[in-house]
Amino acid sequence: MNQKRKLNKLNYYNMPELPEVETIKRELEKVIIGKRVTDVIINNAKVIREPKKEKFVADLKNVVIKKMIRRGKLLIFELSSGKSLTIHLKMTGQLIYPGDGRLSRVSFELSDGKLLDFNDNRLFGELRIVDDWQKLKFIKELGPEPFDIDAEKFKEMLANKKTKIKVLIMDQKIISGIGNLYANEALFRARIYPERLANHLSDKEKELLFKEIKNTLSEAIQYKGSSVDQYVQVSGKPGEYARYHKVYDREGESCFRCKEKIKRISLGGRGTYFCPSCQK
DNA sequence: CGGGGCTCCTGTGCGC
DNA sequence: TGCGCACAGGAGCCCC
């Protein structure tokens with residue numbers, strides 16, 4: 001059943017997490033920094049969270065994109081006006097350059113005459129223009145990036161948490177950038193069962209998990225992300241990392257380590273994949 | 001503090 | 001063949 005579903009899939013599925021957003025940032029900054037926004041075409045204003053669409057357009061017209069920054073899964077475009085455009089891709093957001101505007105919710109026309117398309121078929125994405133992105137609630141509450149802390153700090157963060165470990169590492173307020181896919185993969189690699197309570201992990205397990213989170217994320221960045229759902233690179237090409245997934249979306253298939261069948265449970269409403277034999 | 005459930009939304013894959 | 005419906009899921013929010 002799962003096999004069949006995969007075979008029938010014609011498009012690429014999955015939500016952008018840290019590696020996907022980082023890939024988009026690296027590619028996009030090579031081609032849009034220093035360019036001016038000449039026009040903004042809004043095909044669906046739902047994705048514009050602030051300010052109102054007329055002001056959104058006015059705030060962007062004729063400003064230059066100075067710098068791109070990523071914080072967790074959030075992309076930030078610093079503008080010559082001093083304001084910033086922030087984009088959260090959520091589930092199905094895509095940034096395509098050069099775009100053709102056909103599927104876009106919002107297209108930005110740049111001074112080179114080309115379009116930067118924001119596509120998002122589920123309309124969960126969020127575009128904002130803010131005076132100071134550092135004052136955004138999402139940013140202020142965001143936990144540190146896995147690459148910005150050491151194992152000691154990670155252990156400390158888990159110490160008093162009675163939350164299930166998978167739910168905890170997906171909590172952006174605790175640690176930023178990890179979503180469902182990489183949480184599943186990192187736990188498999190660390191051989192930790194996703195429902196274990198964070199404060200019950202041994203120091204060794206915490207250290208291993210921290211290491212595997214960073215390994216998984218950096219490998220995924222190397223391969224330009226995972227295209228299981230709608231994530232694609234800026235060029236429209238899928239990322240290459242999905243072929244290295246060990247558990248995600250592999251329910252009923254054999255574990256690469258022990259041949260046991262991969263199981264799927266639901267944790268916090270999210271599909272959770274693990275090997276019942278290797279993950280304790 | 002922790003957990004569960006709902007909301008936003010639409011393509012999809014299923015059952016009938 | 002086609003209709004209708006459940007499902008997926010990041011993050012915010014509400015309630016127990």
Side-chain angles (χ1 to χ4, degrees), chain A residues 1-22 24 43-50 70-76 86-95 102-106 118-128 133 136-143 145 156-185 194-201 217 225-232 238 242 245 247-252 264-273:
Chain A
M1 185 166 76
N2 209 26
Q3 280 299 78
K4 199 172 177 183
R5 188 168 61 91
K6 275 187 195 174
L7 290 172
N8 289 340
K9 266 185 196 173
L10 294 174
N11 54 349
Y12 300 95
Y13 275 85
N14 99 284
M15 48 292 157
E17 303 180 25
L18 187 154
E20 288 76 23
V21 180
E22 179 64 21
I24 290 169
N43 298 314
N44 192 322
K46 190 142 234 159
V47 295
I48 296 171
R49 304 308 172 108
E50 63 177 307
R70 179 191 57 74
R71 285 287 185 279
K73 304 175 198 172
L74 189 73
L75 266 181
I76 299 145
T86 69
I87 299 186
H88 199 306
L89 300 170
K90 291 287 184 83
M91 299 290 305
T92 54
Q94 301 177 328
L95 281 166
R102 280 188 308 137
L103 297 171
S104 76
R105 302 304 194 180
V106 177
F118 174 72
N119 301 343
D120 184 14
N121 65 26
R122 282 180 210 175
L123 296 171
F124 283 5
E126 297 186 356
L127 310 195
R128 294 170 201 277
W133 62 265
L136 275 172
K137 186 168 175 278
F138 180 83
I139 290 290
K140 284 195 288 185
E141 293 178 352
L142 200 62
E145 303 250 337
E156 240 174 72
M157 284 160 43
L158 269 56
N160 298 312
K161 303 288 183 205
K162 293 173 196 166
T163 318
K164 289 170 183 168
I165 187 63
K166 178 176 178 253
V167 176
L168 189 93
I169 59 175
M170 284 176 64
D171 184 342
Q172 303 304 301
K173 296 183 171 81
I174 302 288
I175 188 163
S176 59
I178 305 164
N180 195 34
L181 197 159
Y182 296 110
N184 279 302
E185 293 298 317
E195 294 206 83
R196 292 274 302 284
L197 301 187
N199 61 344
H200 288 180
L201 298 189
L217 295 176
S226 301
S227 292
V228 184
D229 201 324
Q230 303 236 327
Y231 163 75
V232 288
H245 294 173
V247 286
Y248 186 77
D249 207 19
R250 294 196 66 242
E251 183 185 14
R264 181 190 187 279
I265 55 172
S266 182
L267 271 195
R270 302 293 169 263
T272 301
Y273 301 85

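Small disclaimer: the values here were computed from a predicted structure and weren't measured. FYI, side chains are in, hydrogens and waters are out, and symmetry mates aren't considered; it's all heavy atoms of this structure.
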Asks: Atom CD1 of A:Ile178 to atom C1' of C:dG9: distance rounded to whole Å?
Replies: 17 Å

Asks: Examine distances only and state if a side-chain atom of A:Arg70 and a backbone atom of A:Gly72 form a donor-acceptor pair shorter than 3.5 Å.
Replies: yes

Asks: Write down the distance between CG (A:Asn184) and C1' (C:dG9), rounded to a whole number of angstrom.
Replies: 13 Å

Asks: Between the side chain of A:Gln172 and the main-chain N/O of A:Ile178, is any donor-acceptor distance below 3.5 Å?
Replies: yes

Asks: Tell me if a side-chain donor or acceptor on A:Thr92 pairs with a main-chain N or O of A:Arg122 at a distance below 3.5 Å.
Replies: yes

Asks: Is A:Lys90 near enough to C:dG12 that one of its side-chain N or O atoms lies under 4.0 angstrom from OP1 or OP2?
Replies: no

Asks: Give the table of side-chain donor-acceptor pairs shorter than 3.5 Å for residues 264-272 of chain A, with sequence neighbours excluded, one pair per line with atom names and distance.
Replies:
unit_1, atom_1, unit_2, atom_2, d
A:Arg264, NE, A:Tyr273, OH, 3.3
A:Thr272, OG1, A:Lys166, NZ, 2.8
A:Thr272, OG1, A:Arg270, O, 3.0

Asks: With heavy-atom distances below 4.5 Å as the criterion, would you say the side chains of A:Ile139 and A:Thr86 are in contact?
Replies: no

Asks: What is the distance, rounded to the nearest whole Å, between atom CD1 of A:Ile87 and atom P of C:dA11?
Replies: 15 Å

Asks: A:Lys140 has an atom NZ; how far is it from atom C1' of C:dA11, in whole Å?
Replies: 18 Å

Asks: Calculate the interatomic distance between A:Met91 atom CE and C:dC7 atom P; express it in whole Å.
Replies: 16 Å

Asks: I need the CG-C1' distance between A:Leu103 and B:dC9, as an integer number of Å.
Replies: 16 Å

Asks: Please check if the side chain of A:Glu17 supplies one atom and the backbone of A:Tyr182 the other of a donor-acceptor pair under 3.5 Å.
Replies: yes

Asks: Counting the atoms with a prime plus P, OP1 and OP2 as sugar-phosphate, which does A:Gly271 contact under 4.0 Å by heavy atoms, base, sugar-phosphate, or nothing?
Replies: sugar-phosphate

Asks: Can you spot which of A:Val47, A:Asp120, A:Asn119 makes a side chain to side chain contact (heavy atoms under 4.5 Å, CB included) with A:Val106?
Replies: A:Val47

Asks: A:Leu127 has an atom CG; how far is it from atom P of C:dG10, in whole Å?
Replies: 19 Å

Asks: Counting only heavy atoms and a strict 4.0 angstrom limit, can you tell me which residues of residues 162-172 of chain A come near DNA chain C?
Replies: A:Met170, A:Gln172

Asks: Enter the inter-axis angle for the ends of the helix from B:dG2-C:dC16 to B:dC16-C:dG2 (five pairs per end, rounded to 10°).
Replies: 60°

Asks: If you assign A:Phe138 and A:Arg264 each to the DNA chain C nucleotide with the nearest heavy atom, which residue ends up on the more 5' nucleotide?
Replies: A:Arg264

Asks: May I ask you to decide if A:Lys162's main-chain N or O and A:Asn199's side chain share a donor-acceptor pair within less than 3.5 Å?
Replies: no

Asks: Taking only residues two or more places apart in sequence, or in another chain, which ones meet A:Phe138 in a ring pair (Phe, Tyr, Trp, His ring centres under 6.0 Å)?
Replies: A:His88

Asks: Nearest-nucleotide wise, let me know which of A:Lys161 and A:Leu123 is further upstream toward the 5' end of DNA chain B.
Replies: A:Lys161

Asks: Quick one: A:Glu141 CD to C:dG12 P, roughly how many Å, whole number?
Replies: 7 Å

Asks: A:Lys173: which residues meet the side chain to side chain contact (heavy atoms under 4.5 Å, CB included) condition with it, sequence neighbours left out?
Replies: A:Glu141, A:Asp171

Asks: Report all interatomic pairs (protein N or O, nucleotide N or O of nucleotides 13-16 of chain C) with separations under 3.5 Å.
Replies:
unit_1, atom_1, unit_2, atom_2, d
C:dC13, OP2, A:Lys137, NZ, 3.4

Asks: Check whether any side-chain nitrogen or oxygen of A:Tyr248 sits under 4.0 Å from OP1 or OP2 of C:dA8, and answer yes or no.
Replies: no

Asks: Would you check if the side chain of A:Glu185 reaches a backbone N or O of A:Val247 as a donor-acceptor pair within less than 3.5 Å?
Replies: yes

Asks: When you measure from the side-chain N and O atoms of A:His88 to the phosphate of C:dA11, is any distance below 4.0 Å, counting only OP1 and OP2?
Replies: yes

Asks: Please check this pair: side chain of A:Glu126 against backbone of A:Ile48, looking for a donor-acceptor N/O pair closer than 3.5 Å.
Replies: no

Asks: Spell out yes or no: do the side chain of A:Arg270 and the base of C:dG10 have one donor N/O and one acceptor N/O closer than 3.5 Å?
Replies: yes

